[in-house]
Amino acid sequence: MDVVGARIEPEIEKHEAAEGDMESDPALERELEPVPRWQDELTVRGMVAALLIGFIYTVIVLKIVLSTGMLPTLNVSAALLSFLALRGWTRLLDRFGIVSRPFTRQENTIVQTCGVACYTIAFGGGFGSTLLGLTKNTYELSGDSVGNGPGSYKEPGIGWMTAFLFSCSFGGLLTLIPLRKVLVVDYKLTYPTGTATAVLINGFHTSEGDKNSKFVYCNCAVCIL
């Protein structure tokens with residue numbers, strides 16, 4: 001079989017965005033938007049939404065971790081919940097004639113990141129694994145097993161647990177910076193979760209995406225009912 005000169009078809013065909021198609025190519029609309037200062041995107045409503053989303057996701061993640069030992073990736077769903085919560089809040093205020101600041105994609109990203117950080121710290125800090133194994137109750141249940149020496153337990157405490165969580169958080173941050181430099185900047189590797197989250201957020205914060213969000217609201221209402 002002669003395969004010399006054969007043309008290999010791409011597995012995924014990339015279509016060109018139509019002129020003015022903001023949803024297919026959100027960059028077209030984003031070029032017209034002024035980039036706000038990051039200080040302006042740290043809002044009270046955003047922090048409240050992030051805390052609520054982080055609380056809900058922490059409970060879900062710890063339940064899954066204690067049941068299966070696996071950590072799910074909820075970045076995309078956190079971005080969706082962030083959008084639904086804040087866009088719903090701004091629309092509610094508009095219905096009552098209350099003027100509120102615009103809900104931007106940058107604020108959406110901050111809320112999503114803070115919500116994900118909540119359950120990541122809970123998992124990385126060992127609340128679903130290692131911290132439970134340090135308690136006296138676990139020590140007594142282990143009996144005379146290998147490595148279970150006399151007094152080798154530590155009860156939970158606010159002081160040392162807070163210091164431990166700070167160490168985990170800043171240790172991960174200091175590790176992430178050089179890894180990003182090598183893997184993302186130098187080798188230009190695509191970060192799948194971050195890319196998917198960015199595409200979702202950019203898609204929602206367009207004129208066409210705003211119309212489609214109404215469909216998402218209806219589906220969520222039907223699911224809750």
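Model, not experiment: these values are computed from the prediction.
Taking Ile, Leu, Val, Met, Phe, Trp and Tyr as members and joining any whose side-chain heavy atoms lie under 4.5 Å apart, directly or through other members, the hydrophobic cluster of Val48 also contains Val44, Leu52. Clustering of Ile, Leu, Val, Met, Phe, Trp and Tyr by side-chain heavy atoms under 4.5 Å joins Val185 with none of the others. Connectivity analysis of hydrophobic side chains (ILVMFWY, heavy atoms under 4.5 Å, direct or indirect) links Leu141 to nothing; its cluster partners are none.
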Please table the atom pairs, donor to acceptor, closer than 3.5 Å between any side-chain atom in residues 95-102 and protein atoms at least two apart or in another chain.
from   : atom 1 : to     : atom 2 : distance (Å)
Arg101 : NH1    : Glu107 : OE1    : 3.4
Arg101 : NH2    : Asp40  : O      : 3.0

I'd like a table of donor-acceptor pairs (distance under 3.5 Å, sequence neighbours excluded) in which one partner is a side-chain atom from residues 64-77, with atom names and distances.
from  : atom 1 : to    : atom 2 : distance (Å)
Ser67 : OG     : Lys63 : O      : 2.7
Thr68 : OG1    : Ile64 : O      : 2.8
Thr68 : OG1    : Met70 : N      : 3.3
Ser77 : OG     : Tyr57 : OH     : 2.9
Ser77 : OG     : Leu74 : O      : 3.0

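Leu80 places a side-chain heavy atom less than 4.5 Å from the side chain of Leu200. No side-chain heavy atom of His205 sits under 4.5 Å from any side-chain heavy atom of Gln106. With a 4.5 Å cut-off on side-chain heavy atoms, Trp89 and Leu93 count as touching.
Contacts classified as ring-ring contact (aromatic ring centres under 6.0 Å, His included) and involving residues 109-135 (residues at least two apart or in different chains) are not found. Sorted by first and then second residue, the side chain to side chain donor-acceptor pair (under 3.5 Å) pairs involving residues 150-160 (not counting sequence neighbours) form an empty list. Residue pairs meeting the side chain to side chain donor-acceptor pair (under 3.5 Å) criterion with at least one partner in residues 120-136, sequence neighbours excluded, are Thr135-Thr138. Sorted by first and then second residue, the salt bridge (charged side-chain N to carboxylate O under 4.0 Å, His left out) pairs with a member in residues 113-127 form an empty list; sequence neighbours excluded.
Between Thr104 atom OG1 and Glu41 atom CD the span is 3.5 Å, to the nearest 0.5 Å. Atom-to-atom distance recorded for Leu42:CG and Arg37:CZ is 10.5 Å, nearest 0.5 angstrom. To the nearest 0.5 angstrom, Ile158 atom CD1 is 6.5 Å from Met161 atom CE. A distance of 7.0 Å separates CG in Leu165 from CD1 in Ile121, rounded to the nearest 0.5 Å. The distance from the OG atom of Ser169 to the CG atom of Leu174 is 11.0 Å, given to the nearest 0.5 Å.
Of all non-hydrogen atoms in Val111 and Ser82, the two that sit nearest each other are CG1-OG, 3.4 Å.
Cluster annotation: Leu81 is connected to Ile60 through the hydrophobic network of ILVMFWY side chains, with a link wherever side-chain heavy atoms come within less than 4.5 Å.
In this structure, Phe83 and Phe204 have parallel ring planes: the angle between them is below the 30° cut-off, well short of the 60° mark.
Looking at residues two or more places apart in sequence or on another chain, you find a side-chain contact (heavy atoms from CB on, under 4.5 Å) between Cys114 and Met47, Ala50, Ile110. Evaluation of the salt bridge (charged side-chain N to carboxylate O under 4.0 Å, His left out) rule for Lys181 yields Asp186 as partners, not counting sequence neighbours. The side-chain contact (heavy atoms from CB on, under 4.5 Å) search around Thr195 returns Thr190, Val199, not counting sequence neighbours.
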